[in-house]
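Remarks on the structure that follows.
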Amino acid sequence: MCGIFGCIVKEGQAAPLIHASLKRLEYRGYDSVGIATMQDGKISLKKDQGKIDDVNRLLDLDDLPGNLGIGHTRWATHGAPLKVNAHPHMDCTGNLVIVHNGIIENFSELKLELENSGHVFVSKTDTEVIAHLIEEILEKKPKLKLAEAVLEAVKRLDGSYAIAVISTKEPDKIVCARNESPLVIGLSKNGFYFASDIPAFLPLTDKAVFIEDGELVSLSATGYEIRNIENSKVVTRKPKIIDWTPEMAVKQGYMHFMIKEIHEQPATLRNTLRLQEHYLDLISTFLDRANEVFLVACGTSYHACLAASYMFSKLAFLPTYPVYASEFVEQHGKSVNIDSTILAVSQSGETADTLAAVTCAQQRAATILSLTNGIGSTLTRVSRVYIGQQSGPEIGVAATKTFTSQLSVLAQIALRLSKKRGKISQDEMDHIEERLEKLPDIVETIIQTQEEKVKQISKKYKDAKIFYFLGRGISTATAYEGRLKLMEIAYIPSIAFPAGESKHGPISLVEPGFPVVFICAKDGTRKTLISNIMEMKARGASIIAVIEEGDDEIKELADDYIEVPKGVPEVLSPIPYAIPLQLFAYYITLEKGQNPDTPRNLAKSVTVK
Ligand code: BG6
């Protein structure tokens with residue numbers, strides 16, 4: 001997730017406006033920044049790695065000539081956060097520059113094709129291919145207008161993008177296009193703006209036109225034109241008046257970052273399906289060769305590891321050991337060795353316990369692999385291979401989109417390893433891969449159909465003094481995560497354990513009305529899980545069940561239930577089944593009058609690049 005902004009203004013310079021607007025978009029990414037402007041048919045460009053204020057101190061971003069320009073604030077997905085990978089990116093001639101938010105899936109193929117035609121690439125980004133692709137089209141068809149060349153180029157892109165292009169060929173224009181990454185146009189008396197989010201231009205105008213997927217926009221000093229990319233037809237759309245305060249705008253109208261980030265999950269899961277094959281291959285090759293594999297993490301990331309240990313076992317017959325990072329040194333510090341492989345999972349890539357575990361393993365010559373959201377973080381610097389969770393900055397302290405993104409990536413690694421090892425049938429593999437592709441839609445359906453119901457259930461249980469969260473098999477990890485969410489933001493003591501453990505102690509706490517949340521994904525554990533529900537029910541517990549849609553047997557037993565669409569394979573179930581639990585924690589916290597974004601005594605590690 002990156003932030004883009006640009007403008008054409010009648011009075012004043014573009015650069016100071018772009019600089020100020022990027023600052024308002026910094027919550028979308030902050031590892032590098034760049035601005036390009038146009039004056040008298042010449043492009044001027046400044047960019048560097050680092051936060052906007054630091055880069056500005058070095059480069060004076062406002063000091064760029066011209067009333068037209070584009071800017072970018074980056075959250076790295078392809079290529080480390082270095083100056084060379086900062087946007088804007090140029091074509092070979094330097095006469096065309098581009099900013100981009102999104103992920104181009106087929107960039108490797110396009111890059112090869114363009115390199116074979118003589119284009120020289122300087123960065124490791126997926127974005128740079130777009131600049132060269134447009135350049136190539138214009139070389140072959142010099143009579144094309146810039147907008148037509150961009151239109152032709154974006155038809156060749158697979159993936160997500162909101163782009164903005166300027167070229168000396170038409171120095172008075174900005175051409176933008178959108179697919180699956182946000183893009184909005186701002187209209188004011190002084191000119192036109194584009195941005196990935198409203199807050200970027202809210203102090204300049206409250207009049208906005210939302211661009212939809214598959215649309216291209218040409219901006220000039222006198223107006224804008226939207227066209228459909230597929231059929232080139234002009235689209236007319238009325239501007240909307242935005243009545244958000246700047247604070248609301250940053251949260252896109254949501255009350256809290258946590259609920260915004262819960263709602264972002266269909267989009268962030270789509271991003272996880274755009275991983276570079278090369279890294280999935282590398283990581284699964286290292287895991288395949290390892291003698292022992294430790295999955296090391298803290299908090300929510302640890303729960304993702306716990307779920308992943310079931311995935312690796314069931315799909316690839318690979319035994320792995322999920323370990324709390326804070327325990328790793330004591331538990332395995334002496335035995336970890338050159339034949340050990342550590343897969344460290346950390347949203348920030350900076351959590352001290354995770355880094356300590358990794359350092360210990362590295363000193364004993366173990367192989368370090370990692371999964372993180374912080375490309376360029378300390379963890380990526382010490383890893384032999386790393387892969388990104390690609391979910392953009394997470395501001396709510398309680399991790400939500402982190403959990404589902406990490407699980408999606410870990411499932412893809414497990415599937416890749418399974419293919420290498422030939423452990424499951426092709427039919428099963430095809431089925432799981434097909435369902436994985438559908439998960440963003442499934443998660444969307446859960447949010448759309450179950451949120452109101454979860455809200456009502458939260459009202460009913462808001463005064464409960466304690467909760468149990470129980471599951472079996474991979475759902476044990478989901479139960480742990482549901483419990484952590486509720487406990488950390490609603491401050492309600494909660495306990496999670498594998499449902500099979502109930503009768504070995506925990507059941508003694510249960511008395512009439514004791515709320516027990518059961519995670520009831522339909523899998524091989526179902527029969528025994530139903531027995532556990534009945535044991536709890538017999539002691540008067542109130543059963544809240546997260547069930548597969550239409551599971552009448554459990555509906556009958558439950559006091560309250562939340563439904564997840566049918567047909568999610570067992571190994572993927574923590575992704576959709578976690579959503580109602582995140583919503584439950586959020587709404588109970590609101591019922592209790594607390595702020596879910598900033599739970600007391602807790603802080604999130606921040607990626608240091
Ligand atoms: C904790 C946070 O401090 O760190 C958790 O409260 C988080 O939400 C955990 O899951 C691990 O963080 P990271 O960045 O290593 O995934």
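All ligand and atom numbering here is 1-based and tracks the order in the structure. Residue indices begin at 1 and follow the sequence shown.
- Annotation: cation-pi geometry satisfied between Lys453 and Tyr561 (NZ/CZ under 6.0 angstrom from ring centroid, within 45° of ring axis).
- Checked by distance only, ligand 1 and Thr354 stay at 3.5 Å or farther apart across all their nitrogen or oxygen atoms.
- Residue-ligand proximity, Thr300 to ligand 1, at heavy-atom distances under 4.0 Å covers atoms 10 (O).
- For the ring-ring contact (aromatic ring centres under 6.0 Å, His included) condition, no pair includes a residue of residues 339-390, sequence neighbours left out.
- A 4.5 Å side-chain heavy-atom check between His100 and Asp126 finds at least one atom pair inside the cut-off.
- Using a 4.0 angstrom heavy-atom cutoff, Cys298 counts as in contact with ligand 1.
- If you number the atoms of ligand 1 from 1 as listed, the ones under 4.0 Å from a heavy atom of Val397 come out as 8 (O).
- Take Glu433 and apply the salt bridge (charged side-chain N to carboxylate O under 4.0 Å, His left out) test, not counting sequence neighbours, and it matches Lys419.
- Remark: ligand 1 and Gln406 share no N or O pair separated by less than 3.5 Å (distance only, no angle test).
- Remark: ligand 1 atoms within the under-4.0 Å shell around heavy atoms of Ser301 are 10 (O), 13 (P), 16 (O).
- Within the 3.5 Å criterion, the main-chain N or O of Ile489 finds a donor-acceptor partner in the side chain of Gln594.
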